[in-house]
Amino acid sequence: MRRMAFGCLLLLAALAGCSGRFVDFAPEEDAIYEYPLDEVWPQVRTYFASRGFVFREVPGGAQLETEWREEFMSSRVAAYWHRYMVIAKPEGSNRCKVIITREARSANKALQAPGAELVWGVDSRSDDNPMAVGSDVARQMAMQTVNGDNAVLGQSQQTARDMVLEWKVFESVTPVLQQQARKSSESPDVVVTKEANIECGVPVLGLGKLARAGNVVLMGELHGTQQVPHFLAQSACQVATQGIPVTVGLEIPAMNQERLENFVASAGTEHDWAKLMESPFWRSPYPDGRNSEGVVYLIEALRKLRSQGLDVQIFAFDHPALRGDAREEAMASTVRDVAGKSGKRALLVLSANIHPRQAKGLPGDPNYRPMGLRLADQLPSVYSLDIAYNSGTAWICAMTRQEQLDCGVTRTRGEDNGDRYFVQLFGGKNRHGFHGFYYVGAVSASLPAVYQGTEPAGSQQATVPGSAGSN
């Protein structure tokens with residue numbers, strides 16, 4: 001008997017404990033196979049082939065690179081492309097690990113890293129890697145040769161090691177290897193269940209600490225960027241694929257609730273788009289970023305996730321006819337009502353960063369009670385996150401010296417913490433009432449959706465005003 005039963009029991013115990021590694025959605029330890037590389041690699045190849053990936057391999061080596069694959073392919077605003085580089089490395093005579101690097105590109109600039117327009121590198125081809133898989137040279141060649149069309153690769157990209165997928169492959173492949181070992185020792189077969197195959201992007205580090213059933217996560221934002229809606233869409237996908245139903249709240253007038261619900265449940269036809277976009281909300285004379293292309297992207301992404309069977313919902317909670325404390329109370333009441341009906345769901349609620357604060361007072365009004373403070377007084381698990389970002393641009397409405405409201409693309413100043421999304425907690429609340437922050441990288445402006453014509457709005461579609469990029 002090539003492997004002892006005791007070893008199989010240990011492996012089963014390891015598999016049973018894998019769920020604990022995913023509490024943060026992003027494991028921090030390598031998945032180690034207790035099998036030799038020559039047994040593991042054929043199963044890894046089968047994993048990607050069975051999920052529709054086309055790939056090429058390095059001859060004689062345990063290394064492959066998939067072709068680009070489009071996700072949300074029927075969407076004109078949420079589509080993006082991704083591919084994987086997969087390398088298996090021995091960890092001794094009978095052990096190995098699989099390293100997976102994920103590269104994503106999007107027509108939306110939300111994935112664009114600082115300096116992405118600059119491409120340089122050296123020839124990384126070698127005897128053991130003749131195609132230079134994973135190198136800058138290989139990426140340059142791909143940009144020049146994929147269907148002869150750079151648009152396939154999009155305007156922005158994001159590359160990172162995908163340890164979540166490494167563990168998914170491990171959990172899928174290991175039972176098959178185990179089954180083979182048991183067959184050789186006349187042990188009972190192992191039943192392998194088919195997993196859902198939904199692409200959610202590079203894991204958001206730290207997200208799983210908060211995005212859990214029954215929690216309300218209030219996310220303060222800088223209106224008018226592409227990155228924040230993309231962050232929220234990616235987060236909702238990653239929460240939902242962990243088996244946690246998720247509800248996304250947007251700072252959109254509550255009168256749009258029926259339109260949002262109908263659209264997210266729809267097939268996304270021209271008629272469905274027209275019904276969504278005919279609301280006056282999308283044609284405000286002073287668009288402040290809440291009705292941007294990025295928000296349309298987010299709503300469309302939620303619709304696509306729901307169409308693929310994920311338990312995703314959406315709600316609107318703003319009451320713009322009110323001001324000050326009255327508005328904060330009305331917003332809190334709407335969120336509170338949704339939370340009361342969603343005890344087994346995770347709520348991700350997006351608004352300007354004044355509203356999520358769980359601290360009393362604002363400059364000029366020491367008695368001001370934001371929505372976050374009101375919710376924390378009445379709900380058990382409310383967490384507030386401020387936004388963090390690197391410098392870039394945003395579509396912002398601001399008062400001019402002539403006391404007129406001017407809207408347009410404005411430069412923003414932030415701090416560079418890399419180009420990967422993450423959530424960071426403080427270990428308590430800071431003086432502004434935030435438990436931590438979420439980081440979205442360098443920001444880029446997202447124009448009003450109907451100005452740019454992201455999706456048809458019937459005869460109501462407008463054109464870009466002359467002030468759109470003047471600031």
Side-chain angles (χ1 to χ4, degrees), residues 72 74-80 106-112 154-156 221-234 236 248-264 266 268-305 314-318 320 350-352 392-397 405-410 440 443-471:
F72 294 174
S74 62
S75 170
R76 286 166 290 174
V77 293
Y80 63 98
S106 172
N108 187 305
K109 294 181 180 180
L111 297 178
Q112 191 167 30
Q155 299 185 45
S156 59
E221 73 152 329
L222 172 69
H223 291 324
T225 74
Q226 297 189 43
Q227 284 68 30
V228 171
H230 184 271
F231 178 99
L232 190 51
Q234 191 164 308
V248 172
L250 298 180
E251 193 182 350
I252 290 176
M255 62 180 293
N256 289 273
Q257 179 63 33
E258 184 176 356
R259 293 183 191 276
L260 291 173
E261 288 181 350
N262 290 342
F263 179 78
V264 170
S266 75
T269 65
E270 298 287 334
H271 176 73
D272 297 326
W273 276 109
K275 294 298 290 182
L276 173 69
M277 303 297 287
E278 71 182 4
S279 167
F281 167 73
W282 300 103
R283 294 181 302 283
S284 167
Y286 300 105
D288 61 4
R290 293 177 297 161
N291 51 10
S292 70
E293 291 179 295
V295 175
V296 172
Y297 163 89
L298 168 59
I299 297 171
E300 162 69 350
L302 296 178
R303 186 192 69 79
K304 294 294 292 185
L305 293 176
I314 189 172
F315 74 99
F317 63 88
D318 190 21
L350 186 67
S351 68
T393 59
W395 178 276
I396 294 175
C397 289
L405 193 62
D406 183 34
C407 301
V409 177
T410 303
V440 298
V443 292
S444 51
S446 183
L447 272 61
V450 295
Y451 287 3
Q452 189 70 0
T454 299
E455 288 294 341
S459 60
Q460 303 297 332
Q461 186 166 325
T463 56
V464 179
S467 62
S470 60
N471 284 1

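From a predicted model like this one, the values you see are computed outputs, not experimental measurements.
Side-chain N or O atoms of Asp406 include none that pairs as donor or acceptor with a backbone N or O of Gly408 at under 3.5 Å. Distance alone, capped at 3.5 Å, is enough to place a donor-acceptor pair between the Thr393 side chain and the Ala445 backbone. Panel note: side chain Arg283, backbone Met277; a donor-acceptor pair is recorded below 3.5 Å. No donor-acceptor pair closer than 3.5 Å links the side chain of Glu251 to the backbone N or O of Arg290.
With rounding to the nearest 0.5 Å, the separation of CG in Leu276 from CZ in Phe281 is 9.5 Å. Here His223 contributes atom NE2 and Cys407 contributes atom SG; the two are 11.5 Å apart, rounded to the nearest 0.5 Å. Atom CD1 in Ile314 sits 5.0 Å away from atom CD1 in Ile299 (nearest 0.5 Å). Separating the CG atom in Leu350 from the CZ atom in Phe317 is a distance of 7.0 Å, to the nearest 0.5 Å. Between the CH2 atom of Trp282 and the OG atom of Ser292 there is a distance of 7.5 Å, given to the nearest 0.5 Å. Rounding to the nearest 0.5 angstrom, the gap separating the CG atom in Asn256 from the CZ atom in Phe263 is 13.0 Å.
Smallest separation of non-hydrogen atoms from Ala236 and Leu302: CB-CD2, 3.9 Å. Closest approach of Cys397 and Asp288 over heavy atoms only: SG-CA, 3.6 Å.
Residues passing the side chain to side chain contact (heavy atoms under 4.5 Å, CB included) test with Thr225, sequence neighbours excluded: Leu222, Gln227, Val228, Pro229, Ala394, Val443. For Glu261, the side chain to side chain contact (heavy atoms under 4.5 Å, CB included) criterion is met by Gln257, not counting sequence neighbours.
A salt bridge does not link Asp272 to Arg303: none of the charged nitrogens lies less than 4.0 Å from a carboxylate oxygen.
Using a 4.5 Å cut-off on side-chain heavy atoms (C-beta onward), Glu300 and Trp273 make contact.
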Where do Val409 and Leu447 land on the side-chain contact (heavy atoms from CB on, under 4.5 Å) test, with the steps shown first?
CA-CA 8 Å; Val409 177; Leu447 272 61; 4.1 Å; yes

